[in-house]
Amino acid sequence: MSKLGTLGARLHHGEVGYDFVKNRKIWYGISILITITAIVGLAVRGLHMGIEFQGGAVFTTPKNMSASVAQTETWAEDASGHDAIVQKLGDGSLRIQIAGTDTQQSDQIKEDLSKNLDVPAEKINADLVGPSWGDQIANKAWQGLGIFMVLVVIYLAIAFEWRMALAAFVALIHDITITVGIYALVGFEVTPGTVIGLLTILGYSLYDTVVVFDSLKEQTRDITKQTRWTYAEIANRSINSTLVRSINTTVVALLPVAGLLFIGGGVLGAGMLNDISLSLFVGLAAGAYSSIFIATPLVADLKEAEPQMKALKKRVLAKRAQATAKGESDRSADAEEAYDADEPDDAAPAVVGPRNQPAYRGRGRGRPSGKRR
């Protein structure tokens, strides 16, 4: 078995682990800082909306143009008086986007481009995009996002509970805010592809969160009938047991997206790939982070505010203090078997560190002495 596979098995069995829940204030602080930065970037710089949203003209030249992108961009801006975006396509043609132009201006810009590029005007294709079409796309995107959020909250509240639904909702808002803020800071153009990417990452983010929640739900069944583990400790165990799986799925999903963003958009210059690849790349990374560091610790906070969980935590801590006072932290095998007999079989341990937590509860089962041979 590979080292990663061995680590995953040890994490799943509770033999090793990291206390994510205990250090949740650190993760909350990091998330708040990143979110504030994203909001400030969005407020100061704003989003660079594509021509599909604000209207304008798109000019496409013939193939194998010798003019450079920078020079063509200068000519287009001089002719229109607006910012222009020029992309060189795979066949050597140029795609020139100019926002805020109407039909009359488009004809004049086409004539000027024809002279500068030394190309007959009839060979330059011009397409006009009205701002009303962009408004419809934006409205449909907001409607789709709103419907998605409502359905997610309802489903999670039914399948799990309202606290998990609330935590998942906060995680999704967290991911969207960071992704949109990165777009504002980087200055990438927002197109319908960007909207598609945003809606796609919500599904990935929700998948990782539901995997952890499903493990948590299973391990906390009849939790109040035992006095070995608090809710936060079992929540931490759920994160650790699914950690390698979450990392593997995220890395596998990020690799092709990184290829689109850094190789396709950066090295090869296919700028049209940037709009969707950036949203997917940032959103996938943010979704994996939020499912581990935000959603589950937030559920633990909400649950441990309940009277039942508070009472359970007091009983657990009291029993541990009593055991420590009597020198029973290293119990004999007979005492350990008698202790296990008092607890339900489905009470799963939570990993908060190898030194200050009892060993994995399944050790010694089936052997009279409980010791390894």
Side-chain angles (χ1 to χ4, degrees), residues 42 45-141 180 182-198 257 259-281:
L42 185 61
R45 301 196 58 175
L47 292 174
H48 183 195
M49 305 304 292
I51 194 172
E52 295 86 354
F53 292 100
Q54 55 183 332
V58 179
F59 302 93
T60 306
T61 67
K63 300 178 182 179
N64 302 319
M65 295 296 301
S66 59
S68 66
V69 171
Q71 183 63 61
T72 304
E73 188 173 288
T74 301
W75 287 334
E77 291 178 351
D78 291 341
S80 63
H82 299 280
D83 292 335
I85 298 176
V86 180
Q87 297 171 331
K88 196 155 193 174
L89 306 181
D91 58 2
S93 61
L94 297 174
R95 185 174 186 265
I96 307 166
Q97 299 182 63
I98 303 175
T101 59
D102 54 25
T103 303
Q104 184 177 359
Q105 291 176 320
S106 172
D107 293 337
Q108 183 60 47
I109 295 172
K110 184 177 179 178
E111 292 293 333
D112 292 343
L113 289 175
S114 173
K115 295 177 183 178
N116 292 325
L117 294 172
D118 194 19
V119 175
E122 59 271 14
K123 291 187 176 182
I124 298 179
N125 184 42
D127 295 319
L128 291 176
V129 179
S132 60
W133 187 82
D135 291 338
Q136 292 178 4
I137 293 293
N139 292 333
K140 294 295 183 182
V180 174
I182 292 296
Y183 260 86
L185 292 172
V186 174
F188 277 16
E189 187 180 29
V190 177
T191 67
T194 306
V195 177
I196 295 172
L198 286 173
V257 175
L260 288 175
L261 179 61
F262 299 109
I263 298 178
V267 177
L268 301 180
M272 290 166 50
L273 298 174
N274 289 336
D275 53 358
I276 188 170
S277 59
L278 180 63
S279 62
L280 288 175
F281 186 84

Practice item. Would you mind telling me which of Glu73, Gln97, Gln71 makes a side chain to side chain contact (heavy atoms under 4.5 Å, CB included) with Val86? Key: Glu73
Practice item. Kindly give the heavy-atom pair with the smallest separation between Arg45 and Leu185, and that separation in Å. Key: NH1-O, 2.6 Å
Practice item. Return the minimal non-hydrogen interatomic distance between Ser80 and Ala76, and the atom names on each side. Key: OG-O, 2.8 Å
**Study point:** Closest heavy-atom pair and its distance - Ser277, Val257
**Key:** O-CG1, 3.4 Å
**Study point:** Considering all heavy atoms, the nearest Ala67-Thr72 contact
**Key:** CB-OG1, 3.6 Å
Study note, to complete from the structure: Value for CD (Glu77) from CD1 (Ile85), rounded to nearest 0.5 Å, stands at 9.5 Å
Point to revise | CG-CG distance between Asp118 and Leu113, expressed to the nearest 0.5 angstrom | key: 12.5 Å
Review point. Of the non-hydrogen atoms in Ser279 and Thr194, which two are nearest, and what is the gap between them?
Key: OG-O, 3.9 Å
**Study point:** Heavy-atom pair of closest approach, residues Lys110 and Ile124
**Key:** CE-O, 2.9 Å
Review point. Residues in side chain to side chain contact (heavy atoms under 4.5 Å, CB included) with Asp78, at least two apart?
Key: Thr74
Exercise for review: Using the test side chain to side chain contact (heavy atoms under 4.5 Å, CB included), find all partners of Val180 that sit at least two apart in sequence or belong to another chain.
Suggested key: Leu42, Leu47, Ile176, Leu198
Practice item. Please identify each residue that fulfils side chain to side chain contact (heavy atoms under 4.5 Å, CB included) with Glu111, with sequence neighbours left out. Key: Ala121
**Study point:** Gap between atom OG of Ser114 and atom NZ of Lys123 - 0.5 Å precision
**Key:** 10.5 Å
Check your understanding: Taking side chain as C-beta onward, heavy atoms only, is Thr61 less than 4.5 Å from Val119?
Key -> no
Practice item. Identify, with sequence neighbours excluded, every residue that meets side chain to side chain contact (heavy atoms under 4.5 Å, CB included) alongside Asn116. Key: Trp75
